[in-house]
Amino acid sequence: MHIKDEIKRGLFTENPLLVLVLGLCPSLAVSTSMVNAIGMGIAVIFVLTGSNMIVSLLRNLIPAKVRIPCFIVIIATFVTIVQLAMKAYVPALDRQLGIFVPLIVVNCIILARAEAYASKNGVFGSAADGLVMGLGYTMSLCILSLIREILGTNKFFGKLVIPGYDPMLIFILAPGGFFTIAFVMGLVAHFRLRKAGR
Amino acid sequence: MNFSSLIQISIAAILINNFILSRFLGLCPFFGVSKKLSSAIGMGVTVVFVMGFASFFTWTIDTYILVRFGVTYLQTIVFILVIAALVQLVEMALQKYSPALYEALGIYLPLITTNCAILGVAIINTGKNPYTSLNYNLVESLVNAVASGIGFTLALILMSGIRERIELARVPKALEGLPIAFITGGLMAIAFLGFSGLSFVASAGR
């Protein structure tokens, strides 16, 4: 396995959020501040890596016909672990993310990786795939929340960025989420078009 | 049972806290099946249907089994299994008893298991009703589920109407496809922000 290629694939060419457009709902909802984005990212990386490993270990035992329900149970188990850990150690973050912590279960990225990669490959490869894909997701989540937090609240990790700038509240409200992802995706498409045109 | 609270719940779920445009739940079908009006209606009806059934079962199981025996940490696992099983059951029942409806809705049903709106409404129904500060009872949670489904359908149908016209418009090359749909969604979300003036409590639904 070529580690460099894997990383490039997860972060750029097959970035789960900005290229494959998986896992939209939580990413728009929690990308209102960097702290939320990083918390959500770590939770997704943990669930994705864990479920990928277990799915890959059990891939020869699970009958093909009932594989989706089996995958969902495995994923839900890891999500429950994350939920309990978050409630115990970072209750403030847990309240911020709210309903979107249990909703990691239905985040399409995790099921998609289980189905497309972990159910066909070995344990180490699947763990690496989960880690890289999770990092790619976290990265795009951080890009979105960086833009939204600075434009919407004029703060970065709670610190004032530009003194005297009046923040545009709309960016941390729901519409801002749509606009931000639209322009980030448009930018990605623009660079891809330019590269293809050359 | 308070009738006005049911009306408040419905208005909040359809307009103020619209599932798609203010809560960000169910975005995948919102952008995936909003290209044609007919498929948007099909998806919307299916979601209302499954949401109603799912919250009936999840609410009952939660109240009478999980809470009673103190195992609420199993909520996520149990809910997703109930929803998956239910979708499968609805699919089989439709296939047997109403082939016509199955023809129309069949392709949307498998997509619904991983639709976060269904699990979302089930989880919201286990929380507190913001208007009475009590837990949702069965009727309230059913009303909440169906109204949320109607809100979802409303946004989906509006979106598909707009997207059918965007197909004909000239859009900058880089924004073609999804990005322009996101911008449209953002504009709709601004319009729906206006409904927050209808809110009965400051933190409605949160």
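Residue numbers start from 1 in every chain, and the chains themselves are labelled A, B, ... in the order their sequence lines are given, proteins ahead of strands. Keep in mind that the numbers below use all heavy atoms, side chains included, and drop hydrogens, waters and symmetry copies.
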So, the part of B/Ile123 with a heavy atom under 4.5 Å from chain A: the answer is side chain

Under 4.5 Å to a heavy atom of chain B? For A/Leu187 that would be neither

Rounded to the nearest 0.5 angstrom, the CZ-OG1 distance for A/Phe178 and B/Thr184 is 10.5 Å

message: Assess the residue pair B/Ile190 and A/Phe179 against the criterion (side-chain contact (heavy atoms from CB on, under 4.5 Å)); give the C-alpha distance rounded to whole Å, side-chain angles, the decisive distance to 0.1 Å, and a yes or no.
response: CA-CA 11 Å; B/Ile190 290 185; A/Phe179 291 138; 3.8 Å; yes

So CD1 of A/Ile99 and CG of B/Leu25: to nearest 0.5 Å the spacing works out to 5.5 Å

In this structure, CZ of B/Phe30 is separated from SG of A/Cys25 (nearest 0.5 Å) by 11.0 Å

| query | Can you check whether A/Ile81 reaches B/Tyr73 side chain to side chain, under 4.5 Å on heavy atoms? | reply | no

When the 4.5 angstrom heavy-atom criterion is applied to A/Leu84 and chain B, the contacting part is side chain

When the 4.5 angstrom heavy-atom criterion is applied to B/Phe31 and chain A, the contacting part is side chain

Note to self: Set out, in order, the CA-CA distance, both residues' side-chain angles and the distance that settles side-chain contact (heavy atoms from CB on, under 4.5 Å) for B/Leu193 and A/Ile170, then state yes or no.
What the structure shows: CA-CA 10 Å; B/Leu193 266 187; A/Ile170 193 95; 4.1 Å; yes

Interatomic distance, CG@B/Leu27 vs OG@A/Ser27, rounded to 0.5 Å, equals 8.0 Å

Chain A shares the most heavy-atom pairs under 4.5 Å, among B/Ile20, B/Ile183, B/Leu175, with B/Ile183

TODO: Before giving the answer on side-chain contact (heavy atoms from CB on, under 4.5 Å), spell out for A/Val73 and B/Leu81 the whole-Å C-alpha distance, their side-chain angles and the decisive distance to 0.1 Å.
DONE: CA-CA 8 Å; A/Val73 173; B/Leu81 279 179; 3.6 Å; yes

If one checks every heavy atom of A/Thr77 against chain B at 4.5 Å, the contacting part turns out to be both

Problem set entry | side-chain contact (heavy atoms from CB on, under 4.5 Å) assessment of A/Leu103 paired with B/Phe24 | CA-CA 12 Å; A/Leu103 285 183; B/Phe24 291 124; over 6 Å; no

Most contact-rich option vs chain A, by heavy-atom pairs under 4.5 angstrom, among B/Ile180, B/Leu74, B/Leu119, is B/Leu119

If one checks every heavy atom of A/Phe183 against chain B at 4.5 Å, the contacting part turns out to be side chain

Tightest non-hydrogen contact, residues B/Pro179 and A/Met185, listed as CG-CB, 4.1 Å

Distance col, row A/Ile72:CD1 vs B/Ile83:CD1, nearest 0.5 angstrom, shows 9.5 Å

